[in-house]
Structure formats: structure tokens, C-alpha cells
2 protein chains.
Amino acid sequence: MITTSFTEENYLKAIFHLSPQEAEAVSTNAIAEALQTKAASVTDMLKKLADKNLINYVKYQGVTLTDIGQQAAINIIRKHRLWEVFLVDKLNFKWDEVHELAEDLEHINSTKLIDSLEVFLGFPKVDPHGDPIPDKNGVLKEPALVPVSKMNINQTGIISGVKEHSTLFLNYLEKAGLVLGKQVKVQDLIEFDGSVIIALDKQLLTISRDVAKNILIAV
Amino acid sequence: MITTSFTEENYLKAIFHLSPQEAEAVSTNAIAEALQTKAASVTDMLKKLADKNLINYVKYQGVTLTDIGQQAAINIIRKHRLWEVFLVDKLNFKWDEVHELAEDLEHINSTKLIDSLEVFLGFPKVDPHGDPIPDKNGVLKEPALVPVSKMNINQTGIISGVKEHSTLFLNYLEKAGLVLGKQVKVQDLIEFDGSVIIALDKQLLTISRDVAKNILIAV
DNA sequence: TAATTTTTTTAGGCTAACCTAAAAAAATTA
DNA sequence: TAATTTTTTTAGGTTAGCCTAAAAAAATTA
Ligand SMILES: [Mn+2]
Ligand SMILES: [Mn+2]
Ligand SMILES: [Mn+2]
Ligand SMILES: [Mn+2]
């Protein structure tokens, strides 16, 4: 078993999230932006992760995760999402209050802890933001969700996830009543600025393109 | 609010545990031994903690915690003990399996998290080893317990705490039936080697001086 | 294709937390 | 009190993770 530091784990997770379809190489700059650090620092770390066989790295050509690196990343995501469920279901946190804390808790290293937590929580399938929770074997099933921005007029669906996890965004959704489980129908699409008019609880509501891109629907 | 690193927090906690009665100065070597590090490293850190006003440090004369340092230490202990209760009560860990994990969890920084956890656990007064849990205002009441080694012949009491937290020791106690809540009576004291013969569940049991020193009794 | 811009890497430095070896101070023993 | 031992500090060095500035490579535009 390779051990990974707090920082290395954050890099692995960032690379995972930045390569939606596997084998798609992630750039140094993209990682730097995701982790709010500098490109030179990223290059340093990429060398280290490559030495540990966690990523495939060829100078100037971006990186992909190795199988080991991907399993490590998925494991961190598993911990992150289970802790989020714990905070919301057991400690009564709101869904917009858990991300930062889970960002730290995900680095606590104990298989027994996380597997026990999963049992205690009743094997949840998704986290408070609708994201799927990998099982203990590292199997992660991404549900087929589409952003509101990709829906057609008159199409109906259930809000089942969000792409953005910031407090600011989630708080806005909460206030607008756009929470997981709600049914929405696309009433109209404004071509000019990409905003969308949706029907929610029989009320009409206009959301910006930015918001529409970050709400995920099961259609 | 001063922020403290993982390492600084471990130093503060070590200093706290090493000065049973406050104002009793703790030596560089004692800290080095407690933290399994070298005296030179301790000196480095003492300078840093003194700069942050967390300890009173005079060269060659050991250290004491300042009021701020003591509050910081107690807060870490509060977190440590609440996490231990969580692991045992909610996740079904055994009392000999929680210490190392709590050693990491205690550094997660969120007042809301720890206060919510305390509510969720029902405001426990003591951790799985009988150690008292400081309240959110940092008030810590040490119960008056005596080690078995200080009891008199024929004296009776309830096992209410342990001084040593290693898996090895706790596991031994568990197997011997020496768990929290049990009544014990001192049957005989062997002066030669300090071992003690106790009555437990109407059976006689001999324990070494080392064991006797580490079991705490409410008499 | 040549020039320019953007991306990435290298070079050299910083800080936190550690280390060993040597020096200095304090405590103990003779 | 003097000599010796123990404790503590200082000096100088390492590694992880970060930084800025400069150099090199790749991509884009003319
Ligand atoms: Mn993280
Ligand atoms: Mn989430
Ligand atoms: Mn700790
Ligand atoms: Mn404990």
C-alpha cells in the first residue's frame, strides 16, 4: 500500500474530476486553477506522483491517472461523500455547509472507519448533492443526468444533482426551492442569453444559463 | 483567533498532559519522549509556540502553557474524546481501537462540527476510557480517581478510568474482565514486586504493579 | 513558414518540521 | 569546589510543498 499525503490526495482528486472521460489528459494549468496554486508547483507535484506510479505523465502533454491513481482518487471521493451524508443526515448540517468540512475529513485514513460509517448511514447511494457514492471496492456508477441547459422545451424531469458545490450556489437553490427531488418542466429557452424559464411547483421561475448548467436532471 | 498546525496542536496537548498540576514546568526531554521526537526539534517548536503566546518559555527552564495555550489544549482534548465516544457508541469500535484514529480526528477544525457531534452523542460526560470530556466553554472536571496501586487492603471501588491508552493494555484489560464499571476489592498487596491481588466477580486475580498503576478506581 | 502568444518546465528560494553533531548550561557526584 | 554527567540549545542540513522569474516548448496567428 502506497501512502499519500494530504496534498497528493487533493491533486489526485482534482485530476480525476478534471478528466470526465478517462484517458483524456489533464493540463498543468487546469490543475493549477482547480487547486488555486501555480503551474510551477503543479509540475513539481506531477513529477512526484509519476514517481509513485499514480499518474502517467509525459512532459508538456498533460496527465492521466494510472489504475492505482484512479482507485486512490475514487477512495477519497468515497470518503468525502460519506462524510457529507453523515453531516447532513446525522448532525443536521445543511447541504450548503458540508463541502469544506468534507474536504478535510476525506483525508482521514482508516478503512475500518469509513466502512463502519457506511454501515451506520445505511449504505447511502448518493451524497447530499446527488453525487453517487463509490462502494468499498471502488466501483462508482455515474447516473445519467442532464443539465437543465441541455433540456428541450416541455421536457420534464427530477432535480437529482448539482455540478457546483459552493455555499453561495447551493444557498441560492435552497431559497429558490430548487432542491433535490423536485420536479421541473422547461417552459421556455431564451436564446439570447441562455437563460431558462422553468415550471416548479406550478410557478414559473427564470434561471440564468450559469444556474441552468449546474442543475442536473433525471429525465 | 490564532490558527495552530497539526504539529503545534500535538505539542500543546503533550505539554498539557505532562503538567498534571498547572504551573508545573515541563522539560524539553519529556516532550521529546512523549512525541517520539528529538530534543533539538522540541526546542525549535518551543520557540515558535512562545512567539505565538501559547507557552511560557524560558531557556533551560522548561515550559508551561499560557491561558490561551491551555484553552487550545483542552479544546483538542475535547475533540479527541468526543470522537472516541462517537467511534465506540455509534460505529461499534472497541475501546482499544479508537485512540490512534482520534489522534487524527482531533485536528479537524470546526466548532459547529464538534458541538453538533456532542449534541448527537447526547452530551457524554466521559470518553470510553473514563476520561472526562471538557464542555464547549473549555471547562474540564477531573474526577478524583485513585490507581489500584494506591488502594489499601480490603478497600473496594469501581473501575472508572485508565491511565494508559495503548491497544495492548486495553486489550489485556478486556480479556481479564477489567472493564469500566466493574467493582473490585483489594485482597492483598505483594510488597516484593508491587503486584496486587484483587477480587473481581468473586474470583481472585493477580495484576502486576504496572497494571495496578494504570487502572483508576472511584473509591 | 515566420512571428507571436500561450503553456509548461526549470532554476533558485522560502518556510515548517524534522534530523545529527557540537557547544553551552545545569545538575550531580566526587 | 572541581570534575563529570545530563540536559538543553545552537549550528547546519534535509524534505515537502509552495513561490517568482526566466527559459523552453507548443500552439496559434499572420
Ligand atoms: Mn481535500
Ligand atoms: Mn458532495
Ligand atoms: Mn493528534
Ligand atoms: Mn480516551
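So you know, we letter chains A, B, ... as the sequences are listed, proteins then strands, and number each from 1.
- To the nearest angstrom, P of D:dT9 lies 6 Å from OH of B:Tyr60.
- Note on A:Thr43: a side-chain N or O is less than 4.0 Å away from OP1 or OP2 of C:dT9.
- Counting to the nearest Å, the C1' atom of D:dA21 and the NZ atom of A:Lys38 are 12 Å from each other.
- Each of A:Asn109, A:Ile108, A:Ile74 was evaluated against A:Lys79; a single residue qualifies, A:Asn109, per the side chain to side chain contact (heavy atoms under 4.5 Å, CB included) test.
- For the contact set between residues 5-18 of chain B and DNA chain D, defined by any heavy atom under 4.0 Å, there are no members.
- Proximity of the aromatic rings of B:Phe86 and A:Phe86 is defined here by a centroid distance below 6.0 angstrom, and this criterion is met.
- Using a 4.0 Å cut-off between charged nitrogen and carboxylate oxygen, A:Lys38 and A:Asp44 do not count as a salt-bridge pair.
- The CD-C1' distance, from A:Gln61 to D:dA25, rounds to 11 Å in whole Å.
- Atom CG of A:Asp44 and atom P of C:dT9 are 10 Å apart (whole Å).
- Using a 4.0 Å heavy-atom cutoff across all strands shown, A:Thr28 reaches sugar-phosphate atoms only and no base atom.
- The nearest whole Å value for the distance from the CG atom in B:Leu35 to the P atom in C:dC19 is 11 Å.
- When the side-chain nitrogen and oxygen atoms of A:Thr37 are compared with OP1 and OP2 of D:dC18, none of them lie within a distance under 4.0 Å.
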Criterion side chain to side chain donor-acceptor pair (under 3.5 Å) on B:His107 and B:Asn10, from CA distance to verdict = CA-CA 9 Å; B:His107 304 290; B:Asn10 283 339; 2.9 Å; yes
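- The CE-C1' distance, from A:Met45 to D:dA16, rounds to 8 Å in whole Å.
- Note that B:Lys47 lies outside the cation-pi zone of B:Tyr57, set by a 6.0 Å cut-off to the ring centre and a 45° limit from the axis.
- The CG atom of A:Asp51 sits 14 Å away from the C1' atom of D:dT15 (whole-angstrom rounding).
- For B:Ala40, counting side-chain heavy atoms from C-beta on, the closest listed nucleotide (C:dT7, D:dT10, C:dA26) is D:dT10.
- Looking only at atom types and distance, the side chain of B:Asn56 has a donor-acceptor partner in the side chain of B:Thr64 under 3.5 Å away.
- Taking the charged nitrogens against the carboxylate oxygens, A:Lys13 and A:Glu103 do have a contact shorter than 4.0 Å, which makes a salt bridge.
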task = Carefully, step by step, assess A:Trp83 and A:Glu106 under the rule side chain to side chain donor-acceptor pair (under 3.5 Å).
result = CA-CA 7 Å; A:Trp83 279 117; A:Glu106 71 188 2; over 6 Å; no
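- For DNA chain C, each stem of at least three Watson-Crick or G-U pairs (distances under 3.5 Å) is given as range with range: C:1-30 with D:1-30.
- Counting to the nearest Å, the P atom of D:dT9 and the CG atom of B:Asn29 are 9 Å from each other.
- For A:Lys59, a side-chain nitrogen or oxygen approaches OP1 or OP2 of C:dT10 to under 4.0 Å.
- A side-chain donor from one of B:Glu9 and B:Thr4 sits under 3.5 Å from a side-chain acceptor of the other.
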